[in-house]
Amino acid sequence: MSPALDAAWQALEAHRATLGRISLARLFAEDPGRFERFSVVLDDLLIDYSKNLVTTETLRLLFELARAAEVEAWRERMWAGERINTTEDRAVLHVALRHRGPEPIVCDGRDVMPEVRAVLARMKTFTEEVRSGSWRGATGAPITDVVNIGIGGSDLGPQMVCRALAHLARPDLRAHFVSNVDGAQLAATLARLDPRQTLFVVASKTFTTQETMQNAASARAWLTRALGEDAVARHFVAVSTNAEAVARFGIDPSRMFGFWDWVGGRYSLWSAIGLPIALHLGFERFEALLEGGYAMDRHFRTAPLERNAPVILALLGIWYRDLLGYSTHAVLPYDQRLERFPAHLQQLDMESNGKRVRRDGRPVDRPTGPIVWGEPGTNGQHAFFQLLHQGTEIVPCDFLAAALPDHDLEGHHEKLLANLLAQGQALAFGKGEAEVRAELAAKGLDEAAIEALLPHKLFPGDRPSTAILFRRLDPFTLGRLIALYEHKVFVQGVVWGIDSFDQWGVELGKELAASILPDLAPDATPKPRDPSTSGQLAHLRRLRADPRA
Ligand code: F6P
C-alpha cells in the first residue's frame, strides 16, 4: 500500500474515533443546505445521500482516500484497455459495449468498436427478423416464445432488464429464463411452450458451464423429439465467446452472436448476452439501454470526484464497511418491476468484490465487499424492515423509485412513493421518548404501562439511506442505474486494491461437484470423503434407491 493511501486510511480512522455518535437530526439542523450539498442531480435522476452518517469532513477524507488509491488513474486504465483484470490477464472493457461516441476504444493496439458495432448490427437484423415474423420456426410458424438458457451473468442481467421493462414488451413475444440445473425450472418452462414457436438462446461466455450445457441439451432433445434434428437450425442460436464449443453443440457459427474475453460475465448484459432483451423489447429499446449506460459512463469519467455519483456511493459503502463495521447493504427498489435488481447487484457486487487478497496476492487488511440483499418495497416493509428500524444491525439502504408509473391504476403510485419517503425519514430520524410517551398517554395508558411499553416503541433513528429517484423506469434510466452500480463496485475494488474482475471463488465447488457426480450413480462405490459429506451422500443414495417409497 502506498504511504499516501496508508495515511488516508489512518486519517479516516482517527476521524472515526473522534466523531462519536452521529445524529442526523443535528447534522440537518446545523446545515440547512445539507440536502442540496449532499445530493447529485443528473437530469431527472436525483441521488440524495444527505441521510448518510457522514459529515463534510468525513466526505473530504473519503475523497482523499479515493485520490490516494488513484481511482482516476485506474478509471483511465480501464478505458485505455489495460489488462486491469490481472489474475486472468484481461482488459475490462464493458464500457466499449455501450460506447456511442466516434472515439476508438483500443485493446491490444486495436480499436474494438468496429467489432462491437458489427455484432450489434447482426443482433439488430436478427431481432427484426424474429419480431417481424420473417424468421420462422422449422414448420413455418412464427416465434412467440424466446427461452434464454444461461446462468449468472448470462442470465441475471438480461432477465432483470426484461422483467423491469416488461411493460414495453409485445405480449405476443414472451421471454423466459432458465438458469438452474434443477430440471424443475426447465420442465415447468417447457410445459407451457409449443416447440414450433419457441426459440432458444443458449447464452454462455465459456459454453462449458455445467448448468447451461445440461439445460441446453435437454431443451434440444425436447425440440428434436417434436420436430426432428433439422429443426435445431431454426430454433437455436448461441451467444458465446467459444465458437468451437458452439459448433460442437450443433449450432451453426452463423447463428452465434459473439463477444470478447474483455467482457466479464456480470458486466455482459450490454453485449450479445442482451439478445433476449432486444428480442423481447425491440432493438431500439436495447439501444436506449446502451445510451443510458453511456450517459453514466460520461458522468463517471468526467465529473470531479466530489460530484461523481458512482464515486460517492462507493465511498459511502467503504465508510460503512471499513470504518463503521456494517456488513450488509440493502437495495430496496420501490418498484415491483425491479424485483430482480437486487439479485443482479448481488452478482455484480459480491462476485466482484467478495475477495480476501489484494491484486498482489497479499491479504487485504480490512473488510471488502458487503453482503448485498434486498426486495422491492413495500413488500419488504412487511417482512424484514422491523430489523432495519429496531434491530441490532445497522443496514445502509438504497431506496429507488420512479416518480411516474407505467400503469393507469389510480391511487397506487402515490401510496408507493409515500411509503418510500416515510421509510427514509423513519430510519433517519426515528421516534424519541417524548413523542412515544405523549402518544401512549393520549391513548389513556397509565404510567406503569407507558414505562413497560416505551422501549419497544422507540425508534433509534440515525440509520442511513440513499434515495435514487427518477422520472420513469425506461430503458435509458435502467441503463444509467446499472452502470451507476457497476462503477460504484469498480471504485470500491480500486480502493481495496483487489481484482474486481476475476471470480476464482466459484471454482472449487464446480470441481467438487464434478467429482461427486459419478458417486450418485446407483451402482457406484463412493470415493472416501469427510464423514459429513459421505454421510449426506449415503443418505441421499438410500433415499434414491427406492423412488417409490
Ligand atoms: O459463477 C461463475 C460464472 O463464471 C459467472 O461469472 C458467469 O457469469 C457465470 O458463471 C456463467 O458463465 P458462462 O457465461 O461462461 O456460462
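Order of appearance sets the numbers: ligands from 1, and atoms from 1 within every ligand.
- Of the N and O atoms on the side chains of Glu88 and Asn85, at least one donor lies less than 3.5 Å from an acceptor on the other residue.
- Aromatic rings from Trp373 and Phe384 are positioned such that their centres are separated by under 6.0 Å.
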Expected rows: ligand 1 N/O, protein N/O, dist below 3.5 Å:
| from | atom 1 | to | atom 2 | distance (Å) |
| --- | --- | --- | --- | --- |
| ligand 1 | 1 (O) | Glu351 | OE2 | 3.4 |
| ligand 1 | 6 (O) | Glu351 | OE1 | 2.6 |
| ligand 1 | 8 (O) | Gly153 | N | 2.7 |
| ligand 1 | 8 (O) | Gln347 | NE2 | 3.2 |
| ligand 1 | 14 (O) | Ser154 | OG | 2.6 |
| ligand 1 | 14 (O) | Lys205 | N | 2.7 |
| ligand 1 | 15 (O) | Ser204 | OG | 3.4 |
| ligand 1 | 15 (O) | Lys205 | N | 3.3 |
| ligand 1 | 15 (O) | Thr206 | N | 2.9 |
| ligand 1 | 15 (O) | Thr206 | OG1 | 2.6 |
| ligand 1 | 15 (O) | Thr209 | OG1 | 3.4 |
| ligand 1 | 16 (O) | Ser204 | OG | 2.6 |
| ligand 1 | 16 (O) | Thr209 | OG1 | 2.5 |

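- Between Tyr320 and Tyr326, the ring planes lie parallel to each other; the angle is under 30°, not in the 30° to 60° tilted range.
- No hydrogens or angles considered: a donor-acceptor pair under 3.5 Å links the side chains of Arg266 and Ser352.
- At a cut-off of 3.5 Å, with distance as the only test, no side-chain donor of Asn353 or Thr368 sits close to an acceptor on the other residue.
- The aromatic ring centroids of His99 and Tyr294 lie less than 6.0 Å from each other.
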